Amino acid sequence: MRLPRREGGSSLTPLSEPPHALIAGAGIGGLTAALALARRGWRITLIERRDGHEDIGAGLQISPNASAILRDLGLLPKLIEASLAPEAVHIHRARDGATLARLPLIDAESRWGAPYLYAHRADLIRVLREAALAEPGVAFHPQTALAGFDQTSHGVTVAALRDAMRVSFSADCLIGADGVRSFVRARNAALQGKADDLPKLAHYVAWRALVPADRVAAALRAPESALWLGAGAHLVHYPLRGGSVINVVAVIDAVWPLDDKADLWSQPGDPAFIATRFARWAAPVRDLVAAAGDWRLWPLVERRTPAHWNNGRIALLGDAAHAMVPFLAQGAAQAIEDAAALAAQLVPGRDVPAALAAYSAARTARAGRVQSESRLQARRYHLRWPASRVRDAALRALGPARLLGRYDWLYGAKTAWNTGMAEANPPI
Ligand SMILES: Cc1cc2nc3c(=O)[nH]c(=O)nc-3n(C[C@H](O)[C@H](O)[C@H](O)COP(=O)(O)OP(=O)(O)OC[C@H]3O[C@@H](n4cnc5c(N)ncnc54)[C@H](O)[C@@H]3O)c2cc1C
């Protein structure tokens with residue numbers, strides 16, 4: 001069937017005009033890239049298949065390596081209004097609640113150069129969207145799904161669907177920030193004559209819930225995150241939105257059939273199943289699980305981090321490039337790092353394919369390391385007896401100072417996202 005056609009974009013950019021990037025996907029990665037590039041003088045067409053205003057998701061930890069970039073973009077004051085700076089991470093043994101370690105985060109900013117924050121994903125998206133759309137160079141096209149693209153030595157042409165109508169755009173480059181089931185990644189592989197490697201099930205299922213704070217005891221409302229380690233599962237909780245709700249994430253070893261069509265947020269979880277799964281854990285966990293009525297399931301998937309994220313004028317960003325298991329809470333943080341690195345390389349006037357190659361070179365090792373460390377962390381968190389005893393003894397023996405030191409490579413705002421970048425990190 002031929003779709004009716006209407007024109008949605010410009011023709012190829014004349015030399016005198018600012019360079020023009022088409023970004024597919026207005027998630028955390030796409031919005032950050034749109035804002036950072038617009039601040040560098042790029043004209044941006046940002047397309048998003050949803051309407052872009054849904055309250056999708058739950059709590060997100062925004063670690064200092066990401067909050068440093070959001071601060072450079074001038075977003076921190078608004079973000080801080082909508083988030084909580086935790087005092088500590090409290091690690092418990094799930095069976096009896098014994099403390100294994102308590103890591104203070106009060107000094108996060110002086111240690112790592114930027115604050116550690118907890119926010120609702122929808123609040124971070126709102127802050128990013130408002131800032132990006134306030135830039136005169138950014139044109140946002142909601143409910144517009146990328147459906148095809150091609151490139152020449154001069155630019156890219158992009159086809160998208162809006163209200164069953166075909167719209168087309170031309171730009172100097174295409175950035176695929178379209179998430180774990182990236183169309184850009186799949187089509188780019190096809191353009192190169194390769195098979196798409198497809199998302200891979202990680203054999204964990206995350207159960208997420210937002211519990212009204214007035215339903216739980218005061219100890220569960222403390223301004224810190226609690227991490228409970230059990231056999232084949234762990235559970236994290238922390239307060240959000242001014243302490244009015246408690247964000248709960250329970251991750252359980254489980255095999256899940258991979259259904260590409262599943263809308264990940266539409267799958268309700270059975271409260272009876274999770275109550276039974278945690279029935280032998282310490283009382284605070286059982287109480288929290290009982291207080292949470294509406295559970296949502298998220299089967300965790302990964303994407304292999306490719307050696308190159310660029311192909312001429314096309315590049316990947318965020319989950320599309322490196323979807324990872326969330327055991328280091330870094331997927332969004334890495335997408336934010338990608339966006340900053342992209343903007344640092346795509347200096348107006350520079351050869352676009354060369355800039356995208358430099359962006360890819362600057363990011364693959366770091367994101368790949370974060371992805372594999374996240375996988376290792378998953379194994380450590382879910383150890384069974386007797387290995388769990390060794391882990392617990394090590395956590396106690398190391399103590400807070402040395403445990404915090406193990407995250408310096410990741411959170412250190414000065415040493416992390418900018419590794420390998422050619423420019424002297426000019427402010428965005
Ligand atoms: C249980 C869990 C907990 C997590 N906790 C944390 C945490 O604490 N901290 C952290 O940093 N990360 C965390 N993450 C990871 C984080 O949520 C993701 O890594 C991050 O949201 C990825 O952002 P993105 O912009 O790359 O992709 P997405 O957020 O998936 O955005 C992609 C966008 O592209 C759009 N799109 C898709 N296809 C098309 C198309 N064809 N045309 C147009 N638009 C399209 C989508 O609608 C979407 O808006 C967690 C993940 C899970 C599962």
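Along the sequence shown, the residues carry numbers beginning at 1. Owing to the predicted nature of the structure, the values given are computational and were not obtained by experimental measurement. Every number for a ligand or one of its atoms is a count from 1 in the order of the listing.
- Taking 4.0 Å as the cut-off between side-chain N and carboxylate O, Asp253 and Arg384 count as a salt-bridged pair.
- Salt-bridge formation is not detected for the pair Arg49/Asp178: no Lys NZ or Arg NE/NH1/NH2 atom is positioned less than 4.0 Å from an Asp or Glu carboxylate oxygen.
- Around CZ of Arg375, the count of heavy atoms belonging to other residues, nucleotides or ligands within 6.0 Å exceeds 12.
- Taking the centre and axis of the six-membered ring of Trp207, the NZ or CZ atom of Arg277 falls outside the cone set by 45° and 6.0 Å.
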Kindly print each ligand 1 N/O atom paired with any protein N/O atom under 3.5 angstrom away, one pair per line, or none if nothing qualifies.
{"residue": "ligand 1", "atom": "8 (O)", "partner": "Gln61", "partner atom": "N", "Å": "2.8"}
{"residue": "ligand 1", "atom": "9 (N)", "partner": "Gln61", "partner atom": "O", "Å": "3.0"}
{"residue": "ligand 1", "atom": "9 (N)", "partner": "Ala329", "partner atom": "O", "Å": "3.1"}
{"residue": "ligand 1", "atom": "11 (O)", "partner": "Ala329", "partner atom": "O", "Å": "3.2"}
{"residue": "ligand 1", "atom": "11 (O)", "partner": "Ala332", "partner atom": "N", "Å": "3.0"}
{"residue": "ligand 1", "atom": "11 (O)", "partner": "Ala333", "partner atom": "N", "Å": "3.0"}
{"residue": "ligand 1", "atom": "12 (N)", "partner": "Gly331", "partner atom": "N", "Å": "3.3"}
{"residue": "ligand 1", "atom": "12 (N)", "partner": "Ala332", "partner atom": "N", "Å": "3.1"}
{"residue": "ligand 1", "atom": "19 (O)", "partner": "Asp319", "partner atom": "OD1", "Å": "2.8"}
{"residue": "ligand 1", "atom": "19 (O)", "partner": "Asp319", "partner atom": "OD2", "Å": "3.4"}
{"residue": "ligand 1", "atom": "19 (O)", "partner": "Ala332", "partner atom": "N", "Å": "3.3"}
{"residue": "ligand 1", "atom": "25 (O)", "partner": "Ile28", "partner atom": "N", "Å": "3.2"}
{"residue": "ligand 1", "atom": "25 (O)", "partner": "Gly29", "partner atom": "N", "Å": "2.8"}
{"residue": "ligand 1", "atom": "26 (O)", "partner": "Asp319", "partner atom": "N", "Å": "2.8"}
{"residue": "ligand 1", "atom": "29 (O)", "partner": "Arg121", "partner atom": "NH2", "Å": "2.9"}
{"residue": "ligand 1", "atom": "41 (N)", "partner": "Leu146", "partner atom": "O", "Å": "3.4"}
{"residue": "ligand 1", "atom": "42 (N)", "partner": "Leu146", "partner atom": "N", "Å": "2.9"}
{"residue": "ligand 1", "atom": "44 (N)", "partner": "Arg49", "partner atom": "N", "Å": "3.2"}
{"residue": "ligand 1", "atom": "47 (O)", "partner": "Glu48", "partner atom": "OE2", "Å": "2.6"}
{"residue": "ligand 1", "atom": "47 (O)", "partner": "Arg49", "partner atom": "NE", "Å": "3.2"}
{"residue": "ligand 1", "atom": "47 (O)", "partner": "Arg50", "partner atom": "NH1", "Å": "3.3"}
{"residue": "ligand 1", "atom": "49 (O)", "partner": "Glu48", "partner atom": "OE1", "Å": "2.6"}
{"residue": "ligand 1", "atom": "49 (O)", "partner": "Glu48", "partner atom": "OE2", "Å": "3.2"}

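- Remark: Glu109 engages Arg71 in a salt bridge, criterion side-chain N to carboxylate O under 4.0 Å.
- The side chain to side chain donor-acceptor pair (under 3.5 Å) check on Arg111 picks up Asp408, with sequence neighbours excluded.
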